[in-house]
There are 2 protein chains.
Amino acid sequence: MKTVKNKDLKSLDQFVDEQYGKKGTKKRDIFEKGYEEFKLGFILQQARLEMGMTQEELAEKVGTNKGYISRIENNIKDIRISTLQRIIEKGFGGHLELAIKI
Amino acid sequence: MKTVKNKDLKSLDQFVDEQYGKKGTKKRDIFEKGYEEFKLGFILQQARLEMGMTQEELAEKVGTNKGYISRIENNIKDIRISTLQRIIEKGFGGHLELAIKI
DNA sequence: TTAAAAGTTGTATTATAAGACAACCTTCAT
DNA sequence: ATGAAGGTTGTCTTATAATACAACTTTTAA
């Protein structure tokens, strides 16, 4: 069992600060922009659009309303993992997959 | 833009029911057992043990208490994605990665 | 250019995660 | 067998996600 020392560990934020500079610098801004596509809201929106669904149709499948979907796609809300699971399973069927399970 | 019909979509639960039978049947039980290792709690616990951390040490890094960590590892709690992110970043440094970002 | 559809935002209510901490089990080394 | 370290569980408080719905803005098709 390999032991890792505390000092070896750094958060993603620390790492990004070191690699791309602090927020506000040009280099960091470029990174942040590219990073957008890893954001959950973006991923879900892309998947929805690829399937030609409206927010309302997705909401219907998932069992919620379009307002909530909109907020998620715009990264306005933190969500529970169970909610993400539900969105992916009910909303996207086999078209998206979540590798973890609560 | 490819269109997918509603009837083509099924939830993971539906899929598993069809493939392995309903809960309680032998075939399904075997599946459920194998499935354990995809559960978040299991994944986090494995990672923690591989790094030779105690729940208390992990809790310290993440900024919470060992009771909370215990519940997560035992899949007793649903958690927010931001919380998962924090656990992975602060608790595991570069040793685990989360592909999505809130 | 305008009407309908799609998407966003404000706000109130309810459900539940997060956080804290103590008491209690379990494991393991001596 | 016993004490200490590690892990689990009960329970309370606080923060916030989920839900709902209406009003509003933006986009799109005719």
Side-chain angles (χ1 to χ4, degrees), chain A residues 1-6 11-13 36-37 39-92 96 98 100-102, chain B residues 1-6 11-13 36-37 39-92 96 98 100-102:
Chain A
M1 201 178 274
K2 176 183 53 164
T3 301
V4 176
K5 297 197 188 60
N6 285 2
S11 74
L12 179 57
D13 280 346
E36 287 296 309
E37 68 188 81
K39 288 199 177 170
L40 179 61
F42 184 88
I43 293 167
L44 292 177
Q45 187 176 58
Q46 289 301 307
R48 176 175 66 78
L49 294 175
E50 274 170 23
M51 290 174 67
M53 275 191 286
T54 65
Q55 290 182 342
E56 192 153 30
E57 287 165 344
L58 176 58
E60 165 77 15
K61 279 186 201 164
V62 171
T64 184
N65 58 83
K66 63 181 181 164
Y68 187 56
I69 298 293
S70 170
R71 276 183 257 251
I72 290 175
E73 288 188 357
N74 290 290
N75 300 295
I76 284 162
K77 289 198 72 53
D78 192 2
I79 63 176
R80 290 187 224 150
I81 293 184
S82 66
T83 303
L84 176 55
Q85 225 168 239
R86 201 179 84 223
I87 292 171
I88 288 178
E89 291 176 12
K90 309 243 173 186
F92 294 99
L96 264 188
L98 187 61
I100 54 177
K101 179 100 182 156
I102 284 287
Chain B
M1 201 178 275
K2 175 183 53 163
T3 301
V4 176
K5 297 198 188 58
N6 285 2
S11 74
L12 179 57
D13 281 345
E36 287 296 309
E37 68 188 81
K39 288 200 176 169
L40 179 61
F42 184 87
I43 293 168
L44 292 177
Q45 187 177 60
Q46 289 301 307
R48 177 176 65 78
L49 294 175
E50 274 171 25
M51 289 173 67
M53 275 191 287
T54 64
Q55 289 183 341
E56 193 151 31
E57 286 166 344
L58 176 58
E60 164 78 15
K61 278 184 201 167
V62 171
T64 184
N65 59 82
K66 63 179 181 165
Y68 187 57
I69 298 294
S70 170
R71 276 184 258 249
I72 290 175
E73 288 188 357
N74 290 290
N75 299 296
I76 285 163
K77 287 198 72 54
D78 192 3
I79 63 176
R80 291 186 222 150
I81 293 185
S82 66
T83 303
L84 176 56
Q85 224 168 240
R86 203 179 81 224
I87 292 171
I88 289 178
E89 291 176 12
K90 309 244 174 188
F92 294 99
L96 264 189
L98 187 61
I100 54 177
K101 179 101 183 154
I102 285 287

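Below, chain A is the first sequence line, B the second, and so on; all start at residue 1. Computed from a predicted structure; not experimentally measured.
- Partners of B:R48 by side-chain hydrogen bond (donor to acceptor under 3.5 Å, both in side chains), not counting sequence neighbours, listed by chain and number: B:E73.
- A straight line from CG of B:D78 to C1' of C:dA15 spans 12 Å, rounded to a whole angstrom.
- If you measure from atom CD of A:E56 to atom C1' of C:dG7, you get 10 Å, rounded to the nearest angstrom.
- Partners of A:S70 according to the side chain to side chain contact (heavy atoms under 4.5 Å, CB included) rule, which considers only residues two or more places apart in sequence or in another chain, are A:Q55, A:N74.
- Rounded to an integer number of Å, the gap from B:E60 CD to C:dG19 P is 14 Å.
- Residue B:R80 places no side-chain N or O under 4.0 Å from the OP1 or OP2 atom of C:dA15.
- Atom CD1 of B:I69 and atom C1' of C:dG19 are 12 Å apart (whole Å).
- A:Y68 has its OH atom 15 Å from the P atom of C:dA15, to the nearest Å.
- For the atom pair CD (A:E60) and CG (A:N65), the distance works out to 11.0 Å, reported to the nearest 0.5 Å.
- Side-chain contact between A:Y68 and A:I79: present, with at least one pair of heavy atoms (C-beta onward) separated by less than 4.5 Å.
- Put simply, CD on A:Q45 is 15 Å from P on C:dA6, counting in whole angstrom units.
- Using a 4.5 Å heavy-atom cutoff, the side chains of A:I87 and A:L96 are not in contact.
- Two residues, A:L84 and B:T54, neighbour DNA chain D, and the one matched to the more 5' nucleotide by heavy-atom proximity is B:T54.
- One finds the CD1 atom of B:I88 at 6.0 Å from the CG atom of B:L44 (value rounded to the nearest 0.5 Å).
- Of all nucleotides in DNA chain D having an atom under 4.0 Å from a heavy atom of chain B, the first and last in 5' to 3' order are D:dG6 to D:dA17.
- In terms of the side-chain hydrogen bond (donor to acceptor under 3.5 Å, both in side chains) criterion, residue partners of A:D78 (sequence neighbours excluded) are, by chain and number, B:S82.
- In this view, B:E57 and B:M53, B:T54 satisfy the side chain to side chain contact (heavy atoms under 4.5 Å, CB included) rule, not counting sequence neighbours.
- With B:R80 contributing its side chain and A:I81 its backbone, the two residues share no donor-acceptor pair below 3.5 Å.
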Scoring nucleotides 22-30 of chain C by protein non-hydrogen atoms under 4.0 Å (B base, S sugar-phosphate only, - none) yields ---------
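- With DNA chain D read from its 5' end, the first of the two nearest nucleotides for B:S70 and B:S82 is the one closest to B:S70.
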